[in-house]
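In listed order, ligands and their atoms are each counted from 1. Sequential numbering from 1 along the given sequence is applied to the chain's residues.
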Amino acid sequence: MKTLKARLGRAFVGVALLAGATTAAAPVADAATPPLQAIVPVPVSVQAVTGSDYALTADTKIYTQAGSAQAKAVGDYLAGVFRTSTGFALPVSDAPSGTPTDGISLLLSGADTRVGDQGYQLNSTSASVILRATTAQGLFGGVQTLRQLLPGKIESPTVQQGPWTIPGAAILDYPRFGYRGAMLDVARHFHPVATVKRYIDQLAQYKINNLHLHLADDQGWRIQIDSWPRLATYGGSTQVGGGAGGYYTKAQYSEIVNYAASRFITVIPEIDMPGHTNAAQASYAELNCNNTAPPLRTDTAVGYSSLCISKEITYTFVNDVIREIAALTPGPYFHLGGDEAQATSDADYRTFMNRVLPMVAAAGKQVVGWHEIGKATLPATATPQFWGTTTSSTEVANAVARGSKVIMSPANKAYLDMKYNSSTPIGLSWAGYIEVQDAYNWNPGAYLSGVPESAVRGVESPLWTETVVTPANIDYLAFPRLPAHAELGWSPWSTHDWNTFRVRLGAQAPRWQAQGLGYYKSSQV
Ligand code: NAG
C-alpha cells in the first residue's frame, strides 16, 4: 500500500478506503475513479449514458450561441484550456440554428428552468457535447464541469497524448447558495497581480464566484487612493516581517477586477475600519486623536488601532476612500471590516458606523462586514460575515432579525490560514487545527442557532496571510480545503457524504499536479 501510495499519489487512496479494503487495497487502488463520480462540487444530478462517449479530436469544433459575445468569450476560454494540452485547433464559431449534431456547443437556449441564473445542463453523446444555460455565467460553470470529465492531464501546460474521452452523460446542475466566496488578505503580506490572477483561476474551477480582497490592515495599505496618496506610497511600504510590501495602482486593481469578471467572479473590496487601521494612521498624523502618526507595524498583533471617532477629518478620509474604490468596483458590495475593534468603545463603534453606513449606500454599494458590524443598526441590505468559533452570534441574529442575510466563514471550519495539524509548516492555530474532513463536515445552512438556510447568502473561505508569503503557500493552505468549502456552497446538502467526497476530492489530485498546484497531501483523502 505504501509503495502504491508513493507511485500513484494520494488520488487513489480514498477509493481503496471507500471500498472498505483495509489490507488488500491494490486492485481497487489501481482503478482511477470514473470521471462522472469525480466531479467537485458534486452536481445536483448526474446520469451516465453508457456506450455513448464523446471523443475530443483534432477535428472537434466549438460552437457558441449566435449573437452572444459573452457566450463566445466562454467558448474562447474553453478552447484556451483545451488547446494547451491537446494541441488541437478547436476553432470557435457561431452555433447553427437548431440542435447541433457535432462538436461542443455552448447555448443560451433550451435549458431546464431549474438551472436558474448560475446553473447549466450538460449532455454528452458520441456525436456531440451540448451545454445549455440561461446566462454566460451558467455556461462558464458547465465548462468547469466539462474540464473535470476529461483526464487530469487536460490541465497540463504542455501538449499531452490523448485519447481525450468525455463520458456520455446527462447532467443537471445549479447552486445551493448564490454566493460562494474566497478572501485573500493582501495586507499582511502583499500579493502581486499575477498571484491574484492565478488564485482567481483556481477559484473559478470550483465554481466560486466572489473574491473578497482584504486591502488594508495594520501592516499595510494596498491600493492607490488619489486624494490620500501616502496611504499606498508610505502605508504600503512594508508588511509582516518587515519586507518591502507593495500596493495596487488603480489600473492594477482594475486589471484584477476585469480578470475576475472574465471568470464570472465578483471582486469585493475590503477596507477594515475603525480598527486594523495602523497603516493609514501611520501615513497621516491627522487620522490620530493625538495628531501623532504611529510607526509602521510589521508584527502580527491585533486589536490596538482605531480611527479617531470624534474627528471630522476621519469621515472625510473614509468617504474619500469608499468613493474612490467604489468607483473602480463594478460589483454590488463594499466590505467595511469592522472586526476586533477592541480599541474602540461600543458606543464609539456605533457612532462611527452610523456615519459610515450611509457613505457606502451613497457610493452605490451594499455593506458587508465581519459579524461585529451587527452591533450597529444595519439596513436589511447589509451582510454580516460570521467568523466566530461558536454556533451562536447575537450580532448575526440581530442583523438577520432586521432582514439581513449572512455569509458563513466560521473560523474553526472555513479559515484557510489555520494549520491542518500540529506539524503543518505554515498557518496559525488560534481557531484550532482544520483537517480536510473538519473543513467539509459542517452545514452552512444550519450552523448558527436561529439562522435558517433562507437567511444564509453563502459560504466564504478567508485566507489571512500573516504566514503566507508565496503562491506555493497559498496553494498549500487552500488545497484541498477550498474545494471542500466550494462543495458546501454549491452542492445540495442531500449529497453531503465524507466518504464519497474524499474519493472525488482525491481524484482532483492529477489535475492539481498537471497545473503545478502544490496542494497539501492529507492522509485523510
Ligand atoms: C483574526 C482577525 C484577522 C487575522 C485572523 C488570523 C478576523 C475577522 N480578524 O484575529 O485580522 O488575520 O484572525 O486568523 O479574522
Side-chain angles (χ1 to χ4, degrees), residues 181-191 212-222 235 238-241 245 268-281 297-307 333-344 349 353 367-376 382-390 393-396 399 406-421 424-434 438-439 448 459-469 473-474 476-478 481-482 485:
M183 184 214 78
L184 184 63
D185 169 12
V186 297
R188 270 49 179 275
H189 280 98
F190 180 64
H191 298 277
H212 164 186
L213 288 176
H214 184 76
L215 289 166
D217 211 301
D218 289 319
Q219 302 89 342
W221 186 284
R222 307 300 180 201
T238 190
Q239 60 185 355
V240 166
I268 297 161
E270 177 188 352
I271 299 295
D272 209 341
M273 58 185 91
H276 287 275
T277 49
N278 187 72
Q281 293 177 273
R297 292 276 292 253
T298 61
D299 62 307
T300 60
V302 295
Y304 59 84
S305 55
S306 176
L307 292 172
Y333 301 116
F334 189 97
H335 200 304
L336 282 175
D339 60 315
E340 297 180 314
Q342 277 98 287
T344 319
Y349 187 94
M353 288 299 174
V367 168
V368 187
W370 300 107
H371 68 252
E372 291 99 311
I373 203 165
K375 288 192 284 188
T383 303
Q385 179 170 8
F386 177 72
W387 66 282
T389 53
T390 61
S393 163
T394 317
E395 292 94 339
V396 171
V406 58
I407 294 171
M408 294 299 297
S409 305
N412 54 339
K413 303 285 181 188
Y415 268 31
L416 296 175
D417 61 312
M418 292 301 124
K419 293 177 180 239
Y420 293 95
N421 55 53
T424 308
I426 52 170
L428 305 177
S429 58
W430 67 264
Y433 300 128
I434 306 181
D438 305 316
L448 283 178
V459 180
E460 184 175 300
S461 319
L463 180 51
W464 300 101
T465 60
E466 284 92 338
T467 66
V468 176
V469 184
N473 293 162
I474 296 176
Y476 182 80
L477 290 175
R481 291 181 293 197
L482 179 92
H485 299 149

Give the ring-plane orientation class for Y415 versus W464, where under 30° counts as parallel, over 60° as perpendicular and anything between as tilted.
-> tilted

Using the test side chain to side chain contact (heavy atoms under 4.5 Å, CB included), find all partners of E395 that sit at least two apart in sequence or belong to another chain.
-> H371, K375, S393

Ignoring hydrogens and angles, tell me if any N or O in the side chain of D185 forms a donor-acceptor pair with the backbone of R188 under 3.5 Å.
-> yes

Kindly write out the residues that satisfy ring-ring contact (aromatic ring centres under 6.0 Å, His included) with Y476, not counting sequence neighbours, or none if the list is empty.
-> Y420, Y520

Just wondering, do L428 and M418 contact through their side chains at under 4.5 Å, heavy atoms?
-> yes

Qualifying residues under side chain to side chain contact (heavy atoms under 4.5 Å, CB included), relative to A216, sequence neighbours excluded | W221, I271

Using a cut-off of under 3.5 Å, which N/O atoms of ligand 1 pair up with protein N/O atoms, and what distance separates each pair?
from: ligand 1; atom 1: 9 (N); to: D339; atom 2: OD2; distance (Å): 2.8
from: ligand 1; atom 1: 9 (N); to: E340; atom 2: OE1; distance (Å): 3.2
from: ligand 1; atom 1: 10 (O); to: E340; atom 2: OE1; distance (Å): 3.3
from: ligand 1; atom 1: 10 (O); to: E340; atom 2: OE2; distance (Å): 2.6
from: ligand 1; atom 1: 11 (O); to: R188; atom 2: NH1; distance (Å): 3.4
from: ligand 1; atom 1: 11 (O); to: R188; atom 2: NH2; distance (Å): 2.8
from: ligand 1; atom 1: 12 (O); to: R188; atom 2: NH1; distance (Å): 2.7
from: ligand 1; atom 1: 12 (O); to: E466; atom 2: OE1; distance (Å): 3.4
from: ligand 1; atom 1: 12 (O); to: E466; atom 2: OE2; distance (Å): 2.6
from: ligand 1; atom 1: 14 (O); to: D417; atom 2: OD2; distance (Å): 2.6
from: ligand 1; atom 1: 14 (O); to: W430; atom 2: NE1; distance (Å): 2.8
from: ligand 1; atom 1: 15 (O); to: Y415; atom 2: OH; distance (Å): 2.5
from: ligand 1; atom 1: 15 (O); to: W464; atom 2: NE1; distance (Å): 3.3

